[in-house]
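Below: one structure in structure tokens.
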Amino acid sequence: MAALKGCSSLNLSRPTTLSADSYKRRSCRWRPPQAAVIPNFHLPMRSFEVKNRTLAEDIKALRLITAIKTPYLPDGRFDLEAYDALVNMQIGDGVEGVIVGGTTGEGQLMSWDEHIMLIGHTVNCFGSSIKVIGNTGSNSTREAIHATEQGFAVGMHAALHINPYYGKTSVEGMVSHFEHVLPMGPTIIYNVPSRTGQDIPPGVIHTLAQSPNLAGVKECVGHARVVQYTENGVVVWSGNDDECHDSRWDHGATGVISVASNLVPGLMHLLMFGGKNPSLNSKLLPLIDWLFKEPNPIGLNTALAQLGVVRPVFRLPYVPLPRPKRVEFVNLVKEIGREHFVGEKDVQVLDDDEFILIGRY
């Protein structure tokens with residue numbers, strides 16, 4: 001009503017139709033509310049009172065990080081009881097950090113609400129015992145910024161960021177994308193061309209290395225790329241379990257961001273901390289090979305269900321490995337030793353009808 005002050009002759013009791021000419025003849029003038037609009041004005045949602053605030057140097061020191069599995073209830077919701085037990089097993093066997101909602105944790109199948117909730121839950125329950133690295137990357141810079149702000153607001157120690165996938169971008173676009181999230185906190189950049197369809201050239205990383213928040217790179221291209229970074233002072237974690245031993249001890253990698261450590265965290269700890277051990281590495285290679293016969297996390301999800309650590313529930317489009325592959329896993333567990341695997345139940349083959357596939361979740 002304040003905007004129409006002085007228009008007492010206007011009857012507001014019922015709709016009134018005014019022609020353009022009659023409206024112009026009226027003596028009243030509508031005045032829009034005044035507000036300051038500052039284009040392109042953005043401040044990070046930053047707090048200096050977060051109890052888990054971590055420097056990039058603290059992240060750089062980590063040797064064994066598990067890309068943690070997300071278990072589900074039969075209706076497709078998170079099984080937090082199983083998740084907590086799995087994280088506790090990691091902590092008990094010396095794992096130093098977890099990636100929450102990564103590819104292995106099926107962040108790609110989560111809503112952002114679920115994603116941030118799981119990061120916050122992990123921080124709240126385990127943040128004093130293990131470094132929590134939230135996968136807040138996206139092919140949309142806008143989404144990556146928003147999710148990363150939220151992740152650090154709920155207390156994660158560091159962010160994991162992938163390069164824009166599918167739509168891809170130019171090298172300059174990659175640099176700009178990462179430069180928009182790096183100021184928020186310690187960051188690991190993840191290079192996995194087999195999934196994104198685009199390699200992150202070393203020049204991009206060397207440019208971003210000027211930021212004090214770049215903790216390092218999770219690199220899946222191979223040993224030659226690892227050497228390119230380590231010789232130039234960039235911290236690298238192997239993103240390939242089958243290469244991590246040699247990357248660590250022969251090519252200067254700091255450690256591994258591992259899928260296999262979900263299953264055998266103690267043995268992976270020994271592989272990263274116990275010195276060069278080609279015998280142990282050879283012992284684990286058949287298991288690692290089995291894990292990646294189909295795209296990750298299909299093998300891991302199947303294995304954890306067979307070990308009785310998680311319910312045999314799959315969010316589609318992931319489905320369990322076929323029965324012959326499940327029989328292979330039982331034999332692998334016996335060869336390596338059941339005592340080295342997570343959980344306490346006997347490993348089972350499981351029947352096909354014991355698995356639950358969820359399309360809506």
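FYI, side chains are in, hydrogens and waters are out, and symmetry mates aren't considered; it's all heavy atoms of this structure. Nothing here was measured: the structure is a model prediction, and the numbers come from that model.
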Practice problem: Check for a donor-acceptor pair, side chain of His115 on one end and backbone N or O of Asn135 on the other, with a separation under 3.5 Å. | Solution: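 Yes; at least one donor-acceptor contact below 3.5 Å.
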Exercise. Would you indicate whether Glu339, at its atom CD, is surrounded by more than 12 heavy atoms from other residues, nucleotides or ligands within a distance under 6.0 Å?
Key: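 Yes, CD of Glu339 has more than 12 neighbouring heavy atoms, counting only those of other groups under 6.0 Å.
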Quiz item: Quick check: are there more than 12 heavy atoms from other residues, nucleotides or ligands sitting under 6.0 Å from NE2 of His340?
Solution: yes
Quiz item: Is Arg311 paired with Asp79 through a side-chain N to carboxylate O contact shorter than 4.0 Å?
Solution: yes
Quiz item: Got more than 12 heavy atoms from elsewhere within 6.0 Å of CZ, Arg77?
Solution: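 Counting other residues, nucleotides and ligands, CZ of Arg77 stays at 12 neighbours or fewer.
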Quiz prompt | Donor-acceptor pair between Thr104 and Asn296 side chains, under 3.5 angstrom | solution =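 Note: Thr104 and Asn296 side chains meet the donor-acceptor criterion.
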Quiz item: Which heavy atom in Val319 sits nearest to a heavy atom in Ile298, and how many Å separate them?
Solution: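 Scanning both residues completely, I find the closest heavy atoms to be O-CG2, 3.2 Å.
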Quiz item: Going through the distances and angles, do Ile200 and Tyr190 end up as a side-chain contact (heavy atoms from CB on, under 4.5 Å)?
Solution: CA-CA 9 Å; Ile200 302 176; Tyr190 180 19; over 6 Å; no
Quiz prompt | Residue pair Trp290 / Glu328, side-chain heavy-atom distance below 4.5 Å | solution =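 With C-beta onward as the side chain, the pair touches.
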Quiz prompt | Under 3.5 Å donor-acceptor, Trp249 side chain and Leu271 backbone | solution = yes
Quiz item: Is it true that the side chains of Thr187 and His161 contain a donor and an acceptor less than 3.5 Å apart?
Solution: no
Quiz item: Are side-chain heavy atoms of Lys325 and Thr302 found at a separation under 4.5 Å?
Solution: no
Self-check item: Polar side chain donor-acceptor pair, Asp199 to Asn191, under 3.5 angstrom
Solution: yes
Quiz item: For Asp346, does the CG atom sit with more than 12 other heavy atoms under 6.0 Å from it, leaving out its own atoms?
Solution: no
Quiz item: Between the side chains of Trp112 and Gln150, does any donor sit under 3.5 Å from an acceptor?
Solution: no
Quiz item: Is any NZ, NE, NH1 or NH2 atom of the basic residue among Arg326 and Asp352 found under 4.0 Å from an Asp or Glu carboxylate oxygen of the other?
Solution: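 Answer for the salt bridge query: yes.
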Quiz item: Is any side-chain heavy atom of Phe152 closer than 4.5 Å to a side-chain heavy atom of Pro186?
Solution: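 Result yes, sub-4.5 Å side-chain heavy-atom pair found.
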Quiz prompt | In one Ile/Leu/Val/Met/Phe/Trp/Tyr side-chain cluster, 4.5 Å: Met272, Val98 | solution = yes
Quiz prompt | Derivation of the side-chain contact (heavy atoms from CB on, under 4.5 Å) call for Val256 and Asp241 | solution = CA-CA 7 Å; Val256 62; Asp241 281 309; 4.0 Å; yes
Quiz item: Is the backbone N or O of Gly197 less than 3.5 Å from a side-chain atom of Lys168, with the two atoms forming a donor-acceptor pair by type?
Solution: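 Between the backbone of Gly197 and the side chain of Lys168 there is a qualifying donor-acceptor contact (under 3.5 Å).
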Quiz item: Are Ile116 and Val132 connected in the hydrophobic side-chain network, where two residues link if heavy atoms are under 4.5 Å apart?
Solution: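 Yes, Ile116 and Val132 fall within the same hydrophobic cluster.
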Quiz item: Where do Leu307 and Lys345 come nearest, in terms of heavy atoms and distance?
Solution: O-CB, 3.8 Å
Quiz item: Hey, does the side chain of Asn277 reach the backbone of Leu280 with a donor-acceptor pair shorter than 3.5 angstrom?
Solution: yes
Quiz item: Can you say whether the rings of His121 and Tyr83 are parallel (under 30°), tilted (30 to 60°) or perpendicular (over 60°)?
Solution: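 The rings of His121 and Tyr83 sit tilted, inter-plane angle from 30° to 60°.
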Practice problem: Verify side-chain contact (heavy atoms from CB on, under 4.5 Å) between Val310 and Asn301, making sure each step is shown before the conclusion. | Solution: CA-CA 8 Å; Val310 305; Asn301 292 353; over 6 Å; no
Practice problem: Kindly say whether Asn213 contributes a backbone atom to a donor-acceptor pair with the side chain of Ser211 at under 3.5 angstrom? | Solution: yes
Exercise. Give a yes or no answer on whether the side chain of Glu149 reaches the backbone of His146 with a donor-acceptor pair at less than 3.5 Å.
Key: no
Quiz prompt | Distance-minimising heavy-atom pair for Met184 and Ile145 | solution =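 Minimum heavy-atom separation between Met184 and Ile145: CE-CG2, 3.4 Å.
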Exercise. Go through the side-chain N and O atoms of His177 and Thr141 and say whether any donor and acceptor fall under 3.5 Å apart.
Key: yes
Quiz item: Are Ser238 and Glu243 linked by a side-chain donor-acceptor pair shorter than 3.5 Å?
Solution: no
Quiz item: Any donor-acceptor pair under 3.5 Å linking the side chain of Arg360 with the backbone of Ile358?
Solution: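 Not confirmed, Arg360 side chain does not pair with Ile358 backbone.
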Quiz item: Under a 4.0 Å N-O cut-off, is there an ion pair linking Arg315 with Glu114?
Solution: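 Answer for the salt bridge query: yes.
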Practice problem: Report the C-alpha distance between Asp58 and His157 in whole Å, list the side-chain angles of each, state the deciding distance to 0.1 Å, and finish with yes or no for side-chain contact (heavy atoms from CB on, under 4.5 Å). | Solution: CA-CA 9 Å; Asp58 299 323; His157 300 101; over 6 Å; no
